[in-house]
Amino acid sequence: MNRANTAQALVADHMISTAEIVINDTLAVCDPLGSLYLPDSDTLVVSDLHLETGAAYARRGMMLPPYDTALTLTLLTSVIERYRPARVVSLGDSFHDRRGASALPEASQLQIRALMAGREWFWIAGNHDPDHPDGLAGDCVQELYLDGLCFRHEPLENEDATGEIAGHLHPAARVVRRGKGVRRPCFATDGQRLIMPAFGVTTGGLNIRNAAFDGLFDLQSLTAHLLGRERIYSVPFGRLIG
């Protein structure tokens, strides 16, 4: 099931099973829709929304179905209603390009503003959207330190990144289930750092066995928390296939 179908199937579904994990001694809840909730600070984290992907491709002459923003915001509304957080952190690449925020349809702008009302909102700068989103409130920062954790878009390489929550790489994992290979977006963590799955419905995924992840995790402790239709499936790295 792709992310667009998941958006339609899960938005009204409350019969889900989350997974509780610990990152640098901080409790976190992985949601099957791809968000991360931190109960101690009442914070919801999403990454790589890539809003207005279809519009960005259209500007280059490549036509995609123009529904990605509406479906991604449907998912975002669902998880915000589920946790009702005091704070939301959007972990970079919230928009597919620099023009994405200014090109938002009016209905989408109003929907985002309604989601932001009454809560703190942080836009982490991404490589696709390094500037404050045009016409929207909230704080745009390179990094955010909160609750013993550091939130940034791209994971640091070759440095001690204990407590890092990052995105950018769109982690996915592949397992064999009932004799068939199954590939799903995932949270990737070894308990010290975590890389978030992409939240946008049109985003792809990169297998966490790819060389791009080399050196980022202690492989003996690395677990992929795969997004299922109604639950999270937690699988040790050693059981994953390429």
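Just so we're clear, the structure is a prediction, and the values are computed from it rather than from any experiment.
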Please list every donor-acceptor pair under 3.5 Å in which a side-chain atom of residues 140-149 meets a protein atom from a residue at least two apart or in another chain.
residue: E143; atom: OE1; partner: Y145; partner atom: OH; Å: 3.0
residue: E143; atom: OE2; partner: R152; partner atom: NE; Å: 3.0
residue: E143; atom: OE2; partner: R152; partner atom: NH2; Å: 2.9

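A cation-pi arrangement is present between R231 and Y233, with the terminal nitrogen or guanidinium carbon under 6.0 Å from the aromatic centre and inside a 45° cone about the axis.
Side-chain N or O atoms of R174 include one that pairs as donor or acceptor with a backbone N or O of G242 at under 3.5 Å. At distances below 3.5 Å, at least one donor-acceptor pair connects side-chain atoms of H132 with backbone N or O atoms of G138.
The minimum heavy-atom distance linking L38 with L27 is given by the pair CD2-O, 3.7 Å.
Remark: D31 engages R82 in a salt bridge, criterion side-chain N to carboxylate O under 4.0 Å. Using a cut-off of 4.0 Å between Lys/Arg side-chain N and Asp/Glu carboxylate O, D129 and R98 are scored as not salt-bridged.
With hydrogens and angles left out, the side-chain atoms of D42 and Y83 include no donor and acceptor closer than 3.5 Å. Side-chain contact annotation: H225 with S234, donor-acceptor N/O pair under 3.5 Å present. Defined by atom type and a distance below 3.5 Å, a donor-acceptor pair is present between the side-chain atoms of T43 and R87. Between the side chains of S17 and E230, not a single donor N or O lies within less than 3.5 Å of an accepting N or O.
The aromatic rings of W123 and W121 sit tilted relative to each other, their planes meeting at an angle between 30° and 60°. The aromatic rings of H128 and H50 stand perpendicular to each other, their planes meeting at an angle above 60°, with 30° marking the opposite boundary.
Remark: N127 engages H153, H168 in a side chain to side chain donor-acceptor pair (under 3.5 Å) (not counting sequence neighbours).
Between the CZ atom of F217 and the CD1 atom of I208 there is a distance of 7.0 Å, given to the nearest 0.5 Å.
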